[in-house]
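Reviewing the structure listed below.
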Amino acid sequence: MSDNQPFRLPTRFLEKVWGTPDLLPWFPVSDKKIGEVWFEADLPLLVKFVFTSDRLSVQVHPNDGFARSHEDSLGKTEMWYVMRADPGARIAIGFRESIGKERLREAAISGEIEQLLNWLDVQAGDAFLIPAGTVHAIGGGIALCEIQQLSDVTYRLYDYGRPRELHLDKAIQVASTEATSAKSVMLPIDCEYFHTELARTSSKLLYKPERERFHIVIFVSGMGTIAGRQFREGEAWLVPSGGQPFDIEPANPVKFLRTWIP
């Protein structure tokens, strides 16, 4: 925008076999099983909301080098911020014990991979960093915000018997098979590809854009005005670089993530 003011990013709703119609309170209830809502921007970062009623595949993403040479794409390091979690909801990050590449192949084919993963109970407010090469899975009953490199390259290792393509050869090449003790981390999350932090406010906040970098502000809860324009939970706003300071004025307590490229 010519005035360098923040503006709301458009959304795209993607139906998924593991999705859910229950998108409340961020979006209206759908008549389809929505799994992802993308906030679209011409940027090297992608922000999306993920909604699950069933388990996603066990999968892994390549790093930049492998993705460039094999997929003509960026790699995919991502992070998750859990917005809602049903009792007993779980995610998996990496393996409980180190395993070899051949064992990984056998476990993916047999389904034993489910038992080898490092499963974690989750609740709202948990945050996780998922570097490229980390085998991972998201269980049912979760709503989360995902911030990632702009890449859609996913290699499936196991899909619970669903008739979707697996990508065992590439997945095994890029997967880290070392044991991990990954767990929820405190925000901010800072890595090579993005910095993400969490803010809460119930009073007017003066927001100062940076001269050299954009921010994306993702409203997780609450409503009010941003630079004099109405916002509500479930929206992401792009704050261009070099703009003038503006107010975020909540009508009720507001919680938002903000992310940028370091």
Please determine whether a side-chain nitrogen of the Lys or Arg among [X] and [Y] lies less than 4.0 Å from a carboxylate oxygen of the Asp or Glu.
{"X": "Glu71", "Y": "Lys170", "answer": "yes"}
{"X": "Arg258", "Y": "Glu197", "answer": "yes"}
{"X": "Arg103", "Y": "Glu97", "answer": "no"}

Taking only residues two or more places apart in sequence, or in another chain, which ones meet Asp126 in a salt bridge (charged side-chain N to carboxylate O under 4.0 Å, His left out)? none
Centres of the Tyr81 and Phe128 rings: under 6.0 Å? no
How are the rings of Phe51 and Phe49 set to each other: parallel, tilted or perpendicular (split at 30° and 60°)? perpendicular
List, by chain and number, the other hydrophobic cluster members for Leu205, where Ile, Leu, Val, Met, Phe, Trp and Tyr join if side-chain heavy atoms come within less than 4.5 Å, directly or indirectly. Tyr207, Val217, Phe219, Ile226, Phe231, Trp237, Val239, Phe246, Ile248, Val254, Phe256
State, with a plain yes or no, whether a side-chain heavy atom of Asp159 is found less than 4.5 Å away from one of Leu56. no
Inspect the surroundings of [atom1] in [X] and state if more than 12 heavy atoms from other residues, nucleotides or ligands are less than 6.0 Å away.
{"X": "Arg211", "atom1": "CZ", "result": "no"}
{"X": "Asn252", "atom1": "CG", "result": "yes"}
{"X": "Lys32", "atom1": "NZ", "result": "no"}

Main-chain N/O of Val29 paired with Asp22 side-chain donor or acceptor, under 3.5 Å: no
Hey, could you give me each pair passing side-chain hydrogen bond (donor to acceptor under 3.5 Å, both in side chains) that has a residue in residues 42-53? Not counting sequence neighbours. Glu36-Lys48, Lys48-Gln148
Residue pair Glu165, Tyr155: steps toward the side-chain hydrogen bond (donor to acceptor under 3.5 Å, both in side chains) verdict: CA-CA 9 Å; Glu165 181 184 6; Tyr155 300 144; over 6 Å; no
